[in-house]
Structures are given as C-alpha cells and as structure tokens.
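Below, chain A is the first sequence line, B the second, and so on; all start at residue 1. We use all heavy atoms of the structure for the numbers below, so side chains are in, but hydrogens, waters and symmetry mates are not.
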Amino acid sequence: MAFTPRGLEASFFEVLDQHRAFLLAALKRGGEEPAGGGMSLASSSEVLSSIEKIIQDIVTSLARNEAPAFTIDNRSSWENIKFEDSVGLHMVSHCTTRKIKSDSPKSVKNFALILKILSMIYKLVQSNTYATKRDIYYTDSQLFGNQTVVDNIINDISCMLKVPRRSLHILSTSKGLIAGDLKYLEEDGTKVNCTRATAIAVPSNIQGIQNLITDAKFLLIVEKDATFQRLLDDNFCNKMSPCIMVTGKGVPDLNTRLLVKKLWDTFHIPAFTLVDADPHGIEIMCIYKYGSMAMSFEAHNLTVPAIRWLGLLPSDIKRLNIPKGTLIPLTKRDQMKLDSILKRPYITCQPFWRKEMEIMADSKMKAEIQALTFLSSDYLSRVYLPNKLKFGGWI
Amino acid sequence: MQSVLPGFFANLNWTSEEAGHSQDASGLRPFQMIFEADVKPRTLMTDSLVIKNFLRKIITVPPKIRFNFSVKVNGILSVEIFGAESEPALNLSNGIALVVNCQHYLSTPKFDTTELPCSRIHPVLGHPVMLFIPDDVVGMGLLGELTLTPAVALCPCPKVFSNQLNRISSISIFLYGPSGLPLIFPNSEQPTTAVFKDASYFIDWKKYRLSMVPNLDLSLDSGVHTLLSAHLRAILRESHSVVQGCIQAAVAWALEQHRQAVKAHQKLQASLSVAVDSIMSIMTGSTNSSFRKTCLQTLQAADTQEFGTKLHKSFQEVTQHRFLYHCSHEVKQQLLPERNEAEQNTDKAHENGSLELLAGTGEQTENKRLKRGSLGVEETRASRSAGALSPSEAASRRAEPTAAPLTFSRSRTGPGSGLEDAGPSCSHKAALHQCPGGVKSLAPLRATLEGTYRHPGTSLLTLMGFRLEGIFPAALLPLLLTMILFLGPLMQLSMDCPCDLADGLKVVLAPRSWARCLTDMRWLRNQVIAPLTEELVFRACMLPMLAPCTGLGPAVFTCPLFFGVAHFHHIFEQLRFRQSSVGSIFLSAAFQFSYTAVFGAYTAFLFIRTGHLIGPVLCHSFCNYMGFPAVCAALEHPQRRPLLAGYALGVGLFLLLLQPLTDPKLYGSLPLCVLLERAGDSEAPLCS
C-alpha cells in the first residue's frame, strides 16, 4: 500500500466518541470509584506484621496443644462470589472458608508449603527485593513439585493476607503484549514507546508505570497472539490510529489485566475485545470484563466492566454468510462450558450476550476469527473491524 | 488336661471340681478345677507359666471365657484374672471372635511413651483355603474338610510405631483349632511343620525394606500338643503351596499397611520439618523484637534454639495424635447385650466341644480329670439341646458341615453331638510381634483353674436409660417441666426479641436455619454433643453404678458433685491465660460448681424418675440454650412487674408439678428401681 492514510476522517470516530461519552456519564452516575473494599497496595511493614501475626497464631495454638491451621477464603465456589455491574465478580465479605490443617494427612504438605513461601515472602519484603513465581519454584523444585502448586499457594497467601500479589514482592513474567499509541515511563525511569512495528511485552510492574500518554480513541483487546500478530502485519494500528492493542495470549495473566485496568482508569477510552466465536473466547472476554472466580478477592484492581464485545459475534457468522465448511461443531466440553457461562450471574445483565450465546448453542457451531480469511485474506483489518468500529457493532 | 500341659502332672492331684453352671439370671456359669501338687517350686513355676501362657492364648480368641487363675504357695495366694470380657473384638468369618487389644499379645509392653494412642492390633484376614487331607492321614481317622484362615497382625498398631521404620523384632505364629482354642505345637525339639520353619516362606523382607533382627522365634510356642497338630504337619505339607500362598498374601497385606503408615509418617515428618524451618527462619530473621519475644514466651522457651526444638516437639505431638485418631476406629466393636441367649448357648457348647477335643486328644494318658472335665461339657450340652429348636444361627455359625471328625477312642458323648463339635475348620493366625514377650513368674503350690462364663446382661442398655417404653412422655414432660421453671426467662426472651411470633416461628421452622445450626460447630457442641455425652457419662453410666452403693436418694446428690467438679477445668484455662484475677476466677468457678451441681441433681432426679436418658438430654440442651437466668437484667427491665411475676410463677408451678409430672407410672417400669428391689433394697421413695 503506497500511501496509508495516517488517521481517518473525524466522522469515523463519531460513534466511538458517543460511546465514550456514554461510558463517562455512567461512571459519573455510579459515583466516583466503586466504593472501596479493593486492596490497596499495602506497605512493607504491614505485610511483615501480618506475616508475624500468622506465625504468632500458629505458635499460640501449638502452645495450647491445638493443631494450627490456616483459614483461607474459599475461592472455588460461586456462593462466595457476588456480582456487581460496576465491579464485576468480587468476593462477598462474609464468605465460606476452608481450612488447611496441619494434622490431616492430605493438607499437611500444603500447610508446610504455605509456611515455606510465607518465610520467603518475609525475606523478600524485608530486603525489598523482588522474585518471580518461577524463581520461587526453582528454589526447591523438588519440594514444590510443579509451578501450579506455587501459583496457587501465592494466590492463597495473597487472599489470606488481603494484600495484592505485588505487595508480597512476587512478580510474574508477563506473557501479554502491547502495541499502538502509548508512551509511558517505567518505575526505574525507562521510557517506553509502543508506537513501533513490533509489539512490546506488558511490563511486570504495572503499579510502577507512570506518565502514560496516548491519543488513542479505543483499546482493542485481542484474544490470541496469532490474530494480534496478523493485525500488526496488516498495519492495523496505523490504519485505525490512534488506538492501542493488547493481547493476553489466551487466558490473560495478572499483569495484562492490571494493564487493561490501568489504561481504563487513566484514559477512560472505550475498550473492545476481539475473541473467537466459541465458549472459550467468551470466557476469556468475561475474565477481562468481570474477572475470574479464582482472583475475585482482588477484583477491584482487575476488572473493567466497560469492556464491550466487538467480535467475532456468532450472529456475524450468519450475517456474513461464512460457509458452513469453515465452522467447527461444538464439542461436548464446549457445550458444557457454554451452559456454565449462561448460568453465571453477569449474563442476566447482558441480554445481547445471552442472545449471541443462544445463537451459538442453537447452531451448535463455533468459529475462529480466522474464519474471516475465507472471505478475503485481510478482511478482518480492512473491512470487518473498521465497519464494526464505525457503526458501533459492539454489544 | 494333661495333653495340653506336658510333663506337668507328675505329682498333681485333681482334688475337686465344681460345676455350677445352672442358668441363673446372672448368666455366669462358673466351673472350678482345683489341682493339688506337691512338687519343687521351680517346676511349679515353669508349669504355671505354661498354664498362664495357654490361658493367655485362649482368651485372645474366645473372648467370653474368663479365667481366675489363683496359685497358693505355702499359704500365700496370688491371683491373676485372664479374661477379655467386653473388649473390642474382630469377628473372623467362621464366627470366632478375635480380641484385638494388643496387651494380650505383648506381656510386657516396652514403649517409650507411657500411653499408647492406639492399643489395638489390626488383624488382616486372608482368604480361607481348603486343605487337602492326604490319604495316609485319612487312614488314621481324620476325615472331613479342613479350612485354613490366616489372620495376620502387626502388634502394636503399625501406626503407633511408624517412626520405627524397618524393624520387626520377633515373629510368633499361633495356630488355632476349629473353635478358636490354640493348637500349640509340641516341644521345640520335635520338628514342626516344614511350612513354618522359615518365615521367609511368606515374607519378602526386601520389598518392605525391613531387616530382621536375629531373635526370630519360630518355635511356634513351647508347650502342649494335640492330636490335630500331629496330623497337621502332614496335611500342611501336602497343601504346602496353597498354604504358603494364602499366608503370603495375608502377610503382604498386613505389611503393606505398615508400609503405607510409614510412608504417611515420612511425608508428615518432611512437611513438619519444612514448616518448622520456615517458622524459624521468619522468627530469627525478624527485626521486630516484640514479635520475637512473644513467640518465645508463648512456648516458654529461653532462646531460639530451645524454641525450635519445642516447636518441633509440639508439632509432632499435635499431629501424631490426630494421625492416629482414626486408626482406633478400624475394628468393629462387638456390643455385649446384642446377642441372644440361643446363640450364647451354642457358643458355649462350641467352646466346650473344643475343650473336649483338646482333652480327647490326650487319649493315651488315662485320666479321671479328663472325665470330670468332660462331665461339665456334657451338661452344658444338655442345656443347649433343650434350646436346640431355636438356633438356626447355630448351624450357620458353624459354616462348614462336618464329615466324620477325629475319632476318639473314648465315646462319652453321643455320636451326634460328637459330629457337631469337632467342626473341622482350622483357623490359623499368624501374629507378628514387634516386641518380644516375657512372662511374670510366680511360685505356685496349688493351682486353681476357674473358668467363668459371663452371661451378658440384657438389661444394661435399659439400665442406662435407652429403652422404648414410655419414650414420648419421657421426652416431652421433663422438657415441659423445665420450660415451666424457665417461664420468667422465656418471657424475657420473647419480650426482648425484635420479631413477632409469626416471624419467629417462620425462622424456627425454616430448614435453612436448621441447616445453619447443624453446620455451626458451637451450636452442635452446646446443643447436641455436650448434653448427650455429659448425660451419658454422669447420668446413664454413673447413676446405675452409684445407686446400688448409696441408694437412690444420696445418689441423686452425689452424682452431680462429679458433674460439678468436671467443670473445674475452666479454671486452668483461665489461670493459664490470666483472663482475670485469681480470686474472681475461683469465685466464678465456685458459682459454676454450685449451679451445675444443682442442675446435675435435677437431671439425675429426672433420670431416676423417668428411667429414660432422653428427658435429661433434652432438658440439658434446653438449659444450655437458655443459660443461667439473667436475673439482674430482669430487675432492670422496663416491664419488670410482669416479668418478675413470671419468674415467681415459673418457680412456683415447677415446685408444684415436679412430683406429678415425673411420676414413674407415666414411664413404665423403671429398670434401676427393679434392680435395687431385686437387691433387696426396698427403700426407694423415688421409685413411686
């Protein structure tokens, strides 16, 4: 393409601007910020003293000849989750808890591992150093067994101490990518400019980034890395500029979600998701928008309820006459996942989503974003997305 | 008898024997054998050791027999009782009950801890194997079917010693005859069956990483011989591979359990040390001195090193206890009063029959004593055949139908009964010990062998207040009475309650509120567990024992004293955590003692008058819910007058109705009163 228009005519963003105004008005109506309860960044001394308190409790119960146990909010049951339109899924204040006892053969190992990681966190916080989850796993990989064990325990500790993971001085390597019209300053002073052809990894210290600058009109969250790279190749960011694109490469990690939340909080620009028209894609979109059950205790820092579903909508499949041959039948697992999503509390306030999902359930077919390439190789970036954005094709 | 005790009867004279086995109500059927011997103390000592060993073996299998073994040497009497009455037992498939209390398998327990958390063995039953009887043995007169059931147990309970990873100090193998009496093998010079010579036949030590300690004792017990044992050698040799296989499987299974226990223990140890290390690292690394100080103080440790060891120790104690907790429930317990009379009769006949079998084997050694012994047997059998119409269970209990049994040259008994009694199933039990046994010694001159058959009383449960007769009034009326007493507090409760009656009822009747109660541990403790257990102990168990000693009236007032004292432990808790001054702690303890004692007297009264446990339990639960009446609050209540009137009315009505509502006539016959009457204690104004 010889001359790519750097920027589109003003009328293109008319609907987008209206949408933004609507979102801002809704935000104002809902009060300043969703009323507290979120975990603010705790100071080091607070973390230290709460760890000390846990140790003291254990010693006291031992002195009383009782088996010590950790009480942790139960994060795997919908009963403990409350849905609020402005926050997403968050934990109810009086939720059921589970006990990790030191005197049951099943949980004694878990008990010991929690203590082990607590002691490591204590050291990290004390010395004001940071470690990644992987670091922690490698300190005694034999003992931990695998990375998921460590991840779960860290989430448990974060939930137990009511402190975000960052305050525990534990990082994770980000897997997300970011591209588009965004400049910011990292905590150590590094200037980052995302306006390049290649994507930049989501920083691992989201809380530390400052001085974000953008002119972007919208934020596009892409489910899959493949689609993200494809859009980059098609120079989508420039064609649609100014905009920001983010991908979490599948189920988003904490940093990507924190970044999306940060972008929303600072700029209040409309955010859209581009996911596959399958239950898994919907699930990922819901995680961005409403949060997940496992991390519901930190929902206030993670969810962006203003996110809208841009594509690929199951109704688009019919509308665009995508031939049946490129569609994939729903598997049994897909069906189950779809049913479970339909039962979730937030679907009730999303009648359009429900309709789309019902279309999918009726047709028993799903489609990847790549199904659009059947129409033409750059249909997605040239036709589909611009039209959707211009005419407000999101729900 | 001589057959069982070889080389013993040199100068032993049977002087008297009493067979008092009439079926009286007490259910005891004692018979007594008295021997007089005039031998050297040394031989008598070893002989009585042999007898005691034999008795000890017997009671591990037929738990209903009790032996009072008393020895009189030069006028000095020493008594030892062998009996496994009402002990937990495991029922083997052929109806034999195996006592699982490990003290029967260890004569001198050598444990570093004073008390064992689990005092049982946990036998593993192998598959029964049919033994092939070789022709030459058949020729000698042994016919029928022989079944071998191996039962293997590690003793003591493997979970207790799972920290002693790979050590088994001795192995004993016992053989039991068809009816559960031990078939003890001849003196050790005489070679025993090849199968038992080497334990490696059935134990793959390497697989379990066990090492053998040299004092392996496979001489299958010194002692006594039987006819069956003589043949058994040939029989076992014949079915060598099958026997080996089935014992092997059972042993492997028992050791597998041990291995799993060891594994769980190792896992626990590893986890605990990680936990302790982590706590220590936080403790030592902390810059917060007050935190460190509190930690040290809580465990009363002087420095961090001591703190570490104490931490490890208390972790160990706390968890070890819980890990063992569930293992004590693995064995089915046999409740005494459940069995009916017919069954017991067959049991006894069974036992006697086997006694006869043992006796009969010593055929060559003519003996008057033997005849006398079998006399008792015949008589029990007579009483059994009187009730022989009923026991269909008798047949089923003896699973293997019989062909011709061992032939006895002596034909004292009718052929029919002889057929029945030599039930030729052979139960074989191999027990692996971790501790070698030693036996106490005595110097006997006169040995009295006394077997007592205890008839388990059918009235125990009813004595304890578990019965159906009059249960509805017994549940309702005492509760009503208590509610009348609490009329004032109840009024106060309803006045202070913010919701009206209809709403309150809705809440009470809603299944959700019940579900919430049932999942609330504190509710369960206060409303269900505590009333049930406390009433069970202090009323159901204590009163039937106290009442015959003191009479009913004093029992009502002594029993609550125990109940009151049982609440003293709060003092220690309060003193330990210094919740208030020492004086006020003791004052509140004294207050609590007095009102629990009064309450205890009331429920004891209810228990005796109604003869039911349910009434006291419900009242207890109700009172736990109400708590002590808040008299002070009532005095300052805005609606003081009606409230105080309610208090007074409640107490008045209570005193008025106390006698009529607890009239024993309402609740059927009172077992406790019947007991006392029978004992000739006809005082008991409480009984009418």
Side-chain angles (χ1 to χ4, degrees), chain A residues 44-70 79 94 96-97 99-128 136 139-140 142-145 153 157, chain B residues 159 162 260-261 263-301 307-308 310-327 516 519 521 572-573 576-577:
Chain A
S44 300
S45 64
E46 278 170 2
V47 176
L48 288 182
S49 69
S50 56
I51 292 177
E52 278 163 7
K53 194 179 166 294
I54 283 173
I55 299 297
Q56 242 168 42
D57 287 348
I58 289 173
V59 175
T60 319
S61 67
L62 277 177
R64 277 200 222 129
N65 236 346
E66 287 163 14
F70 290 123
E79 282 168 32
H94 299 288
T96 58
T97 53
K99 281 217 148 127
I100 296 180
K101 292 185 195 155
S102 57
D103 60 348
S104 106
K106 275 183 201 137
S107 63
V108 65
K109 182 164 184 211
N110 216 357
F111 180 85
L113 292 186
I114 290 179
L115 269 177
K116 169 108 185 161
I117 293 184
L118 267 180
S119 77
M120 294 166 94
I121 290 172
Y122 193 82
K123 284 230 169 84
L124 288 173
V125 176
Q126 241 181 357
S127 57
N128 197 22
I136 289 184
T139 51
D140 198 341
Q142 196 103 74
L143 179 68
F144 291 121
I153 287 175
I157 290 175
Chain B
K159 291 192 180 164
S162 48
Q260 278 167 5
K263 234 174 161 181
H265 184 83
Q266 280 169 337
K267 207 172 129 191
L268 173 73
Q269 287 306 314
S271 297
L272 284 190
S273 62
V274 168
V276 169
D277 285 350
S278 310
I279 292 179
M280 287 303 291
S281 113
I282 292 180
M283 230 283 283
T284 50
S286 171
T287 49
N288 182 346
S289 64
S290 78
F291 162 67
R292 285 206 310 264
K293 214 178 270 170
T294 1
C295 280
L296 290 178
Q297 269 171 4
T298 325
L299 280 192
Q300 290 161 343
F307 178 76
K310 277 199 168 169
L311 197 64
H312 203 260
K313 217 180 106 196
S314 47
F315 251 124
Q316 202 83 283
E317 276 168 12
V318 164
T319 50
Q320 189 75 9
H321 172 71
R322 280 306 193 82
F323 268 71
L324 285 168
Y325 176 69
H326 58 270
C327 81
R516 202 179 317 137
T519 51
M521 275 306 171
F572 300 108
E573 195 178 297
R576 189 160 177 186
F577 295 103

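- Of the atoms belonging to A:Ile117, not a single heavy atom falls under 4.5 Å from chain B.
- In this structure the side chain of A:Lys116 never reaches within 4.5 angstrom of the side chain of A:Leu118, judged on heavy atoms.
- Side-chain polar atoms of B:Ser286 and A:Tyr122 form a donor-acceptor pair below 3.5 angstrom.
- In this structure, no portion of A:Leu48 lies under 4.5 Å from any heavy atom of chain B.
- Not a single donor-acceptor pair under 3.5 Å links the side chain of A:Ser119 to the backbone N or O of B:Ile282.
- With a 4.5 Å cut-off on non-hydrogen atoms, B:Phe315 touches chain A through its backbone and its side chain both.
- Proximity of a side-chain donor or acceptor of A:Gln56 to a complementary backbone N or O of B:Thr294 within less than 3.5 Å is not detected.
- With a threshold of 4.5 angstrom between heavy atoms, A:Ile114 does not approach chain B through any atom at all.
- Looking at A:Glu52, both its backbone and its side chain come within 4.5 Å of chain B, counting heavy atoms on both sides.
- Looking at heavy atoms from C-beta onward, B:Leu296 lies in side-chain contact with B:Met283 at the 4.5 angstrom threshold.
- Contacts of B:Thr287 with chain A are made by both backbone and side-chain atoms, with heavy-atom separations under 4.5 Å.
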